[in-house]
K.L.:
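Below is one structure. I have some questions about it.
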Amino acid sequence: MLEQRSLDSFLEAVKKLDAGFAGLPAFESKVPGMERLAGVLNATAERLHDNYPYFHPLYAGQMLKPPHPVARLAYALAMWINPNNHALDGGRATSAMEKEAVAEIAAMCGWKDCLGHLCGGGTMANLEALWVASQVHPGKKILASEQAHYTHKRISAVLQLQFESMPCDARGRTDMNFLAKRVARGDVGTVVATMGTTATGSVDPLPEILALKGRHGFRIHADAAYGGYFVLAGNLGAGARKALAQIGGADSIVIDPHKHGLQPYGCGCVLFRDPSAGRFYKHDSPYTYFSSAELHLGEISLECSRPGAAAAALWTTQKLLPLVHGGEFASGLEKGRAAALALFEKLENDERFVTAFAPELDIVIFAPRARSVSEASARSRQIFNAAAKRNLHLAVAELPTEFWAANLGTIQRDRETMTCLRSVLMKPEHLEWIPRIWDELSASTAEVLGADGASVCAS
Ligand SMILES: Cc1ncc(COP(=O)(O)O)c(C=O)c1O
């Protein structure tokens, strides 16, 4: 966990930062409590033990990826200044860094002269995108699939927009037959295309959605909070590759650097293809925008105070690991995806498990075979607990039984949803840990199924 080398580099950088302010008259800091600092900091370290080990490859549960060490350190370094990216006089350097880092994310999507900024995370980024969408098409409906993140429905309620949920196909993607008929009615303002669903990493068929947009003129918002960075991965299947390659055809895009972008939490990003979307944000502030006529980020975002440290961390990470095809950053994503394919193959070849569909990104869902979906659901939870005791941390999800329809075999379909196991293989290290992950999963499953499992599989 602890890298001495990076801490040494950090101390050097702190001294360099200090040197930049050496011209100021010396002053004695009167911060209270310094003599007790070490004691409480150790108490904090102890309190933090009460967490799953998200940084370890045996944590293969939810969407939790450790920030790159350089992101942690750049964030901490910036905290000596604590810049506020709301306005230029609150964070000159980090506002410039944010503009540069966001332009690099936009370039990754094929956009040059767009509008975009960082924000608190995927929820806030999607809120801004749907809010702009509602200004462009007032009174029209927002559509997102049943597997889209729940935030879209909730945001629509907050913004008092009319929201409709669209059915999915058996692979968790928007049902295109439904969408084609639905948009023909003419009252749809915006379709949310999820480029990597939260539960299964399914990628909506953006090329087909774009073709419908050409005919019906609705707006497309690409929620690529999770999957956006996979634009750079060279090992996707044809469907996901083609869809992500056309992400630039959307009107707005959300990508979360705090998911796959190696950033600490508090870093989402929203982009608008048409920079004139900035007109909707237009406001004046009697206290803020006095220091320059140059763009203050607060003039194009809904949040006011925002951590400049998040921009510093992102900028530094992208300097170290540029967002390019074939680079080290892309290779990290490719390893996670390869890990998901390797785990999927093991599951498919083991009769104790029933798989749904091949992963499109790096998320795998599966369930233990049983006599019925209810029994498989109960066993999923038992395996989840047994694996956790072995330090293998998976996740549990409740998903449509339809996802397994093609592979259920003799399993009685007595429930419309299945409680299944879910593994998000986000860390590059997951690839070389698949054998160990598999051993632990296999042993936990043997514990839960016992002799009865063998008979279920044989029947
Ligand atoms: C596709 C998608 N959109 C939006 C969100 C919400 O993002 P956040 O948790 O950063 O607010 C998530 C979170 O997992 C997501 O997966």
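Quick note: residue numbers are just sequence positions, from 1. Counting starts at 1 for both ligands and their atoms, following the listed order.
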K.L.:
With no hydrogens and no angle check, is any side-chain donor or acceptor of N51 less than 3.5 Å from a backbone partner on Y54?
P.N.:
no
K.L.:
Not counting sequence neighbours, list each pair that qualifies as a side-chain hydrogen bond (donor to acceptor under 3.5 Å, both in side chains) and has a residue in residues 425-438.
P.N.:
R436-E440
K.L.:
Go ahead and list the nitrogen or oxygen contacts between ligand 1 and the protein that come in under 3.5 Å, distances to 0.1 Å, or just say none.
P.N.:
from, atom 1, to, atom 2, distance (Å)
ligand 1, 3 (N), D223, OD1, 3.3
ligand 1, 3 (N), D223, OD2, 2.7
ligand 1, 7 (O), K259, NZ, 3.0
ligand 1, 10 (O), G122, N, 2.8
ligand 1, 10 (O), D256, OD2, 3.1
ligand 1, 10 (O), H258, NE2, 2.8
ligand 1, 10 (O), K259, NZ, 2.9
ligand 1, 11 (O), G122, N, 3.4
ligand 1, 11 (O), T123, N, 2.8
ligand 1, 11 (O), T123, OG1, 2.5
ligand 1, 16 (O), T198, OG1, 2.8

K.L.:
May I have all residue pairs that pass side-chain hydrogen bond (donor to acceptor under 3.5 Å, both in side chains) and include part of residues 327-345, sequence neighbours excluded?
P.N.:
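Residue pairs passing side-chain hydrogen bond (donor to acceptor under 3.5 Å, both in side chains), neighbours aside: none found.
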K.L.:
Listing request: all salt bridge (Lys or Arg N to Asp or Glu O under 4.0 Å) pairs with a residue in residues 127-139, at least two apart in sequence or in separate chains.
P.N.:
none
K.L.:
Between C269 and V254, is any pair of side-chain heavy atoms under 4.5 Å apart?
P.N.:
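With C-beta onward as the side chain, the pair stays apart.
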K.L.:
Would you say the side chains of R352 and S442 form a donor-acceptor pair under 3.5 Å?
P.N.:
yes
